[in-house]
**Student:** 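Okay, here's the structure, questions in a sec.
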Amino acid sequence: MNERYEPKEIEGKWQERWERGQLFKTKNDAPGEKFYLLEMFPYPSGKLHMGHVRNYSIGDVQARFLRMRGYNVLHPMGWDAFGLPAENAAIKHGARPDLWTHGNIDEMRAQLKTLGFSYDWDREIAMCDPEVYRWTQWIFVQFFKAGLAYKKKNPVNWCPDCETVLANEQVVDGKCERCGTEVGKRDLDQWYLAITQYAQRLLDDIDEKLGGWPDNVKLMQKNWIGRSTGAEVDFEIEGFGEKLSIFTTRPDTLYGVTYMVLAPEHPFVGPLTEGTEYEGAVAAFKEKLQYYSDIDRASLTLEKEGLYIGRTAVNPLNGAHVPVYIANYVLMDYGTGAIMAVPAHDQRDFEFAQKYGLPVVPVVDPGRGDLDLDNLSEAFVAEGTMIHSAQFDGLNNKDAIRQITDFVEESGYGKATVNFRLRDWLISRQRYWGTPIPMLYCEKCGWVPEKEENLPVLLPEDVQFTGKGSSPLTTSETFLHAACPVCGGPAEREVDTMDTFLDSSWYFLRYTDARNDERIFSDEAVRKWMPVDQYIGGVEHAILHLLYARFFTKFLCDIGFSPVDEPFTNLLTQGMVIKDGKKMSKSLGNVVSPEEIIEKYGADTARLFILFASPPEKELEWSDTGVEGSYRFLGRVWRLVRAALEMEGGAAGAGSGDAEKELLYALNATIKKVTSDVGGRMQFNTAISSIMELVNAAYRYRDGGDPDGALLRGVCEKLILLLSPFAPHICEEMWEAYGHEGSVLREAWPEYDEDALALDMEEVALQVNGKVRGKAVVPAGLDAAALAAHAQGLPEVQALLEGKTVVKVIGVPGRLVNIVIQ
RNA sequence: GCCGGCGUGGCGGAAUUGGCAGACGCGCCGGACUCAAAAUCCGGUGAUGGCGACAUCGUAUCGGUUCGACCCCGAUCGCCGGUACCA
């Protein structure tokens with residue numbers, strides 16, 4: 001063993017040995033219970049950032065710990081390799097997206113290896129490889145066959161100057177991110193996946209099956225799915241053939257309807273106003289609104305604005321005639337695109353009614369004297385008693401919801417119904433660097449999928465990256481035209497590619513059988529490994545990625561390909577890495593690159609610091625002096641281990657004194673703590689701190705009276721094993737120095753000895769009326785009553801109680817005695 | 001606005017079930033080693049008062065429950081995240 005800890009000499013050596021010895025390779029038939037441990041795969045931007053290091057350090061500690069505990073661990077890594085940056089590189093520098101991406105992958109893979117992460121690289125996948133996206137296409141075809149993929153017109157952001165489609169993120173203040181031109185809209189025919197058909201199951205299973213997920217993530221998913229129950233009620237429009245259907249969650253307020261509102265895009269608006277004096281005004285209103293909706297309609301709280309369209313609707317319950325409006329606050333894509341307006345009990349309707357002088361009819365009485373129902377200053381939305389509502393008067397409005405809904409159903413005016421906020425998933429992207437959508441359009445047969453045996457539909461290489469036009473695939477001569485898979489006639493291929501979220505929705509299934517070229521994965525492999533037992537990644541994926549992955553898994557389960565319908569049993573969302581209180585970013589100039597830290601201190605220090613500084617789910621504040629501290633700690637371990645190696649075996653009779661007992665106590669307490677912190681709570685910061693305490697205790701022992709070298713070496717060996725998941729390289733080196741041949745990874749995780757933790761005497765706090773007044777040493781293991789009784793006999797207690805009357809004595813075993821005096 | 005979460009020394013954080021607040025680390029102060037420095041090792045470090053043993057205060061603020069509250073309950077303030085005309 002070198003005198004000094006030199007990470008540079010050690011780390012490369014062990015990384016090479018691990019690779020040569022195939023230490024991280026996972027065999028399906030290896031002994032031990034299976035454990036599928038997965039960290040979210042990265043986009044291959046070219047460089048790892050600290051967020052990656054954190055994510056993968058957390059995962060690697062788990063992986064190594066579980067292997068030592070005898071699990072057969074699947075710990076794979078791959079690349080979320082499709083995406084815009086590669087395409088931008090092609091447009092700007094003429095790079096080939098595939099070569100650019102693979103170059104980045106090579107760099108990042110090398111970086112991951114220098115951090116010593118224990119991935120089974122034989123299962124590595126990149127979603128941009130034809131052998132992989134072949135199966136992304138295959139899944140799409142299955143969706144299509146199941147009737148869950150369909151085409152629909154949808155407006156996209158269109159920059160008239162760049163002549164291209166822009167993602168919402170590329171539209172800044174209504175202008176094109178690249179050229180600053182005002183962005184317009186264009187209707188395009190686009191592919192959708194019918195995730196809404198899974199809405200109820202996705203919602204129900206959050207409570208049923210996701211017990212191992214954090215509550216905040218579950219809540220976010222629930223809100224995103226956004227189920228609300230209510231009723232659809234049909235209103236007649238005077239002089240118009242069709243009934244207007246509205247959705248409401250407040251059927252109890254039906255008697256308070258004073259007007260109706262349609263979304264401006266509602267299909268009835270045209271027919272209702274055509275040829276009337278209102279036609280021009282309606283067109284102008286829609287024109288204006290379209291402009292607003294371009295400019296981040298979501299981020300503005302627009303003032304409510306509307307227009308009377310010259311029509312009257314009839315309330316089926318009380319026959320009241322109310323005016324019909326169109327307004328900007330009613331959205332076409334929620335509910336039925338039309339609402340009944342109850343200004344007395346809905347704040348939005350209230351504001352609109354105030355502005356346009358519409359009547360306010362209260363139907364729920366709060367029963368509060370201080371509220372003048374005829375002169376409301378805002379809508380009353382809380383609970384109350386029904387009024388002005390015919391036979392329902394006097395009911396509590398909560399009960400009235402059900403009763404009026406029943407009445408509406410019985411009378412044929414409408415039906416009880418459920419609405420979801422969740423929309424179908426638009427997956428078409430007018431981009432090159434994504435999975436081609438394997439569909440063709442034939443004049444005769446319509447939209448048909450490519451035959452499965454012909455997959456993958458390859459991305460063409462004869463494409464021009466001009467940054468203009470709809471999809472770059474339209475510029476390929478070889479791609480566009482093909483034979484119809486059904487009739488053999490001329491057909492045109494779909495030129496759009498898929499949203500990259502489809503790739504990440506199933507990649508974890510492919511790892512189970514990454515090299516299968518006949519099937520998406522074998523039944524046997526997927527049954528062996530799924531579900532993922534522990535998934536780790538950033539909370540920013542709490543909604544979309546995780547929801548889509550759940551949706552895919554449910555679908556693949558339904559068609560008999562996945563053995564489970566929830567992919568991730570346990571989820572850990574790790575916090576961001578920040579510096580000076582802010583997210584690390586180039587523009588703030590506060591980025592710390594992993595490379596420079598590894599260069600200076602080595603991978604073990606980087607891993608140790610990042611795990612020690614903060615519990616995993618919290619933000620981590622980067623601290624240069626903290627890194628220094630972790631490095632110092634590893635040096636301290638190194639010197640301790642080395643010193644123990646050179647110590648004498650100890651005098652006869654040594655090894656059983658108080659100092660030895662104390663050291664062994666510290667050792668076993670640490671084993672217990674680290675085991676539960678890593679294996680149970682996943683609090684790596686406290687696991688590391690307890691290892692630090694053990695090291696401090698070992699130093700104390702060494703510097704004490706008559707240390708026994710053999711005993712200390714024994715403690716050091718356990719210490720090495722405990723530390724090895726966090727800082728594997730240094731531990732391998734020390735393990736070798738202690739004369740062991742194999743890797744620490746092949747060693748069993750240390751067990752603790754209950755006996756060593758059992759003490760004869762223990763210290764408890766003495767409290768008087770809940771305030772600590774002293775300490776006492778008492779026999780260990782007394783129960784509450786015995787402890788209380790024992791304490792009263794102690795001289796130090798007697799001293800505290802002089803002249804006082806004892807009311808009660810409470811003993812808490814192992815902790816304290818509290819004496820309550822008058 | 002609505003829905004979550006959080007608030008503990010100079011700093012990151014610990015306290016696992018209502019039971020000794022501040023583990024561990026950083027920083028700072030002091031000491032040892034050294035011609036000196038670095039490195040290393042040892043000691044101290046919530047605040048106030050006291051030479052001192054010790055006392056009082058202290059987990060955002062105010063109040064409550066309890067023998068006992070960072071932890072439970074109520075109100076308030078602040079920060080962070082999600083979401084936003086969802087009828």
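In the text below, chain A, chain B and the rest are named by the order of the sequence lines, each starting its count at 1.
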**Student:** If you pin A:Arg250 and A:Ile543 to their nearest nucleotides in RNA chain B, which one's is more 5'?
**Tutor:** A:Ile543
**Student:** Measure CD/A:Glu628 against P/B:C28 and give the value in whole Å, please.
**Tutor:** 12 Å
**Student:** With a 3.5 Å distance limit and no angle check, can you tell me whether A:Thr605 reaches the backbone of A:Gly602 through a side-chain donor-acceptor pair?
**Tutor:**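 Checking the backbone N and O of A:Gly602 against the side chain of A:Thr605, no donor-acceptor pair under 3.5 Å is found.
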**Student:** Within the structure provided, determine whether A:Phe726 and A:Ser57 are in side-chain contact (heavy-atom separation under 4.5 Å).
**Tutor:**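 No - every pair of side-chain heavy atoms lies 4.5 Å or more apart.
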**Student:** Between B:C24, B:A87, B:U40, which nucleotide gets closest to the side-chain atoms of A:Tyr334?
**Tutor:**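 Ranking B:C24, B:A87, B:U40 by closest atom to the A:Tyr334 side chain puts B:A87 first.
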**Student:** Distance check needed: B:U83 C1' versus A:Met220 CE, whole Å only.
**Tutor:** 10 Å
**Student:** In whole Å, measure the gap between the P atoms of B:A15 and B:G7 for me.
**Tutor:**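 These two P atoms come out 12 Å apart once rounded.
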**Student:** Within the side chain of A:Arg227, is there an N or O that forms a donor-acceptor pair under 3.5 Å with the backbone of A:Val418?
**Tutor:**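 No.
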**Student:** On RNA chain B, does the nearest nucleotide to A:Leu620 precede the nearest nucleotide to A:Lys673 from the 5' side, or the other way round? Give the residue.
**Tutor:** A:Leu620
**Student:** Contact class for A:Asn685 (heavy atom, under 4.0 Å): base, sugar-phosphate, or nothing?
**Tutor:** sugar-phosphate
**Student:** Just compare B:C20, B:C67, B:U16 and give me whichever is closest to any side-chain atom of A:Ile810.
**Tutor:** B:C67
**Student:** Heavy atoms under 4.0 Å, any strand shown: does A:Lys771 hit a base, just sugar-phosphate, or nothing?
**Tutor:** sugar-phosphate
**Student:** Test your reading of the model: is there a side-chain donor-acceptor pair from A:Arg702 to the backbone of A:Pro707, 3.5 Å cut-off?
**Tutor:** no
**Student:** A:Ala613 has a side chain; which of B:C24, B:G12, B:G13 sits nearest to it?
**Tutor:**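 So the nucleotide nearest the side chain must be B:G12.
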**Student:** Would you kindly give the CD1-to-C1' distance between A:Ile225 and B:U83, to the nearest whole Å?
**Tutor:**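 For the pair A:Ile225 CD1 and B:U83 C1', the rounded distance is 14 Å.
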**Student:** What's the closest nucleotide to the A:Ser689 side chain, out of B:C24, B:C85, B:C67?
**Tutor:** B:C24
**Student:** Looking at B:C2, I'd like to know if its phosphate oxygens (OP1 or OP2) sit under 4.0 Å from a side-chain N or O belonging to A:Asn223.
**Tutor:** no
**Student:** Answer yes or no: does atom CD of A:Glu351 have more than 12 heavy-atom neighbours from other residues, nucleotides or ligands under 6.0 Å?
**Tutor:** yes
**Student:** Using a heavy-atom cut-off of under 4.0 Å over every strand shown, decide if A:Gly629 touches base, sugar-phosphate, or nothing.
**Tutor:** sugar-phosphate
**Student:** Nearest to the side chain of A:Tyr699, heavy atoms from C-beta on, is which of B:U16, B:C42, B:C20?
**Tutor:**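 Taking heavy atoms from C-beta onward, the closest nucleotide is B:C42.
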**Student:** Closer than 4.0 Å, any side-chain N/O of A:Gln683 to the OP1 or OP2 of B:A14?
**Tutor:** yes
**Student:** Check whether any side-chain N or O of A:Glu232 sits under 3.5 Å from a backbone N or O of A:Ser245 as a donor-acceptor pair, and report yes or no.
**Tutor:**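 The answer is no, because no donor-acceptor pair under 3.5 Å joins these two groups.
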**Student:** If anything within 90° of 0 is syn and all else is anti, what is B:G31?
**Tutor:**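 Base orientation: anti.
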**Student:** Sticking with atom C1', work out how far B:A14 lies from B:G22, rounded to a whole angstrom.
**Tutor:**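 It comes out at 7 Å once rounded to the nearest Å.
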**Student:** Classify the side chain of A:Arg773 versus the base of B:C54 as yes if they form a donor-acceptor pair under 3.5 Å and no if they do not.
**Tutor:**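 Counting by modelled atom types and ignoring angles, no donor-acceptor contact under 3.5 Å is found here.
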**Student:** Where each pair must be Watson-Crick or G-U wobble with both distances under 3.5 Å, what dot-bracket representation of RNA chain B is obtained, with crossing pairs in [ ] and other-strand partners as |?
**Tutor:** (((((((..(((......[....)))((((((.......))))))((((....))))..(((((..]....))))))))))))....
**Student:** Nearest to the A:Thr686 side chain among B:C67, B:C3, B:A14, which nucleotide is it?
**Tutor:**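 So the side chain of A:Thr686 is nearest to B:A14.
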**Student:** Any donor-acceptor pair under 3.5 Å joining the side chain of A:Lys618 to the base of B:C6?
**Tutor:**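 Checked by distance alone, the answer is no.
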**Student:** Report yes if at least one side-chain N or O of A:Arg636 is closer than 4.0 Å to OP1 or OP2 of B:C41; otherwise report no.
**Tutor:** yes
**Student:** Do A:Val592 and A:Met50 have side-chain heavy atoms sitting under 4.5 Å apart?
**Tutor:** yes
**Student:** Tell me: CG of A:Leu262 to C1' of B:C85, nearest whole Å?
**Tutor:**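 Going from CG in A:Leu262 over to C1' in B:C85 covers 16 Å.
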**Student:** Rounded to the nearest angstrom, tell me the gap between atom CZ in A:Phe420 and atom C1' in B:C86.
**Tutor:** 13 Å
**Student:** For the NZ atom on A:Lys218, are there more than 12 heavy atoms of other groups (residues, nucleotides or ligands in this structure) within a distance under 6.0 Å?
**Tutor:** yes
**Student:** Contact class for A:Arg423 vs. all strands (heavy atom < 4.0 Å): base, sugar-phosphate, or nothing?
**Tutor:**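 Contact class for A:Arg423: base.
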**Student:** Taking the P atom in each of B:U83 and B:G44, what is the distance between them to the nearest angstrom?
**Tutor:** 50 Å
**Student:** The side chain of A:Asn216 lies closest to which of these nucleotides: B:A14, B:C67, B:G4?
**Tutor:** B:G4
**Student:** Using the C1' atom in both, what is the distance from B:G46 to B:C29, to the nearest Å?
**Tutor:**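 Straight-line distance between the two C1' atoms is 16 Å.
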**Student:** Suppose you measure atom P in B:G5 against the same atom in B:C86; what distance do you get, rounded to whole Å?
**Tutor:**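 About 23 Å, rounded to a whole number of Å.
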**Student:** Show the nearest heavy-atom pair for residues A:Leu244 and A:Ala338, with the distance to one decimal.
**Tutor:**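 Heavy atoms only, the tightest pair is CD1-CB, 3.8 Å.
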**Student:** Give the rounded distance in Å between these two atoms: CG of A:Leu694 and C1' of B:C24.
**Tutor:**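 Atom CG in A:Leu694 sits about 13 Å away from atom C1' in B:C24.
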**Student:** What is the distance, to the nearest angstrom, from the CD atom on A:Glu265 to the P atom on B:C85?
**Tutor:** 13 Å
**Student:** Checking all strands, does A:Ser623 fall into the base, sugar-phosphate, or nothing category for heavy-atom contacts under 4.0 angstrom?
**Tutor:** nothing
**Student:** Within the structure shown, what part of the strands sits under 4.0 Å from A:Glu619 by heavy-atom distance: base, sugar-phosphate, or nothing?
**Tutor:**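 Sugar-phosphate, backbone atoms only, no base.
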**Student:** From B:A84, B:C20, B:G12, pick the nucleotide closest to the side chain of A:Arg421?
**Tutor:**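 Within the option list, the nearest is B:A84.
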**Student:** Kindly state which residues belonging to residues 346-354 of chain A come within less than 4.0 angstrom of RNA chain B, counting heavy atoms of the residue only, listed by number.
**Tutor:** A:Arg348
**Student:** What interatomic distance, in whole Å, is found between C1' of B:G18 and the corresponding atom of B:A69?
**Tutor:**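 One C1' to the other, the span is 7 Å.
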**Student:** Picking from B:C85, B:G4, B:C24, which would you name as closest to the side chain of A:Leu219?
**Tutor:** B:G4
**Student:** Does a side-chain N or O from A:Thr625 land closer than 4.0 Å to OP1 or OP2 of B:G27, or not?
**Tutor:**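 Result: no.
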**Student:** How is A:Val812 classified with respect to the nucleic acid when contacts are heavy atoms under 4.0 Å: base, sugar-phosphate, or nothing?
**Tutor:**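 Base contact - A:Val812 has a heavy atom under 4.0 Å of at least one base atom.
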**Student:** How long is the line joining CH2 of A:Trp622 and C1' of B:G12, in whole Å?
**Tutor:**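 After rounding, the reported distance stands at 13 Å.
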**Student:** Taking only residues two or more places apart in sequence, or in another chain, which ones meet A:Pro316 in a side-chain contact (heavy atoms from CB on, under 4.5 Å)?
**Tutor:**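 With sequence neighbours excluded, A:Pro316 shows a side-chain contact (heavy atoms from CB on, under 4.5 Å) to A:Val233, A:Phe235, A:Tyr413, given in chain and number order.
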**Student:** Roughly how many Å apart are B:U8 and B:U59, using the C1' atom of each and rounding to a whole number?
**Tutor:** 4 Å
**Student:** For B:C24 and B:G74, measure between their C1' atoms and round to the nearest Å.
**Tutor:**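 To the nearest whole Å, 36 Å.
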**Student:** So with a 6.0 Å cut-off around NZ of A:Lys355, is the heavy-atom count from everything else above 12?
**Tutor:**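 Yes, NZ of A:Lys355 has more than 12 neighbouring heavy atoms, counting only those of other groups under 6.0 Å.
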**Student:** Is it the case that more than 12 heavy atoms not belonging to A:Glu3 sit under 6.0 Å from its CD atom?
**Tutor:** no
**Student:** For the side chain of A:Arg815, counting heavy atoms from C-beta on, which of B:A87, B:A14, B:C20 is nearest?
**Tutor:** B:C20
**Student:** Looking at A:Arg423, I want to see if its CZ is surrounded by more than 12 non-hydrogen atoms of other residues, nucleotides or ligands under 6.0 Å.
**Tutor:** yes
**Student:** Does a side-chain N or O from A:Arg632 land closer than 4.0 Å to OP1 or OP2 of B:A38, or not?
**Tutor:**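 Checking A:Arg632 against B:A38: no side-chain N or O falls below 4.0 Å of OP1 or OP2.
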**Student:** Indicate yes or no: at least one non-hydrogen side-chain atom of A:Lys579 is less than 4.5 angstrom from one of A:Lys582.
**Tutor:** no
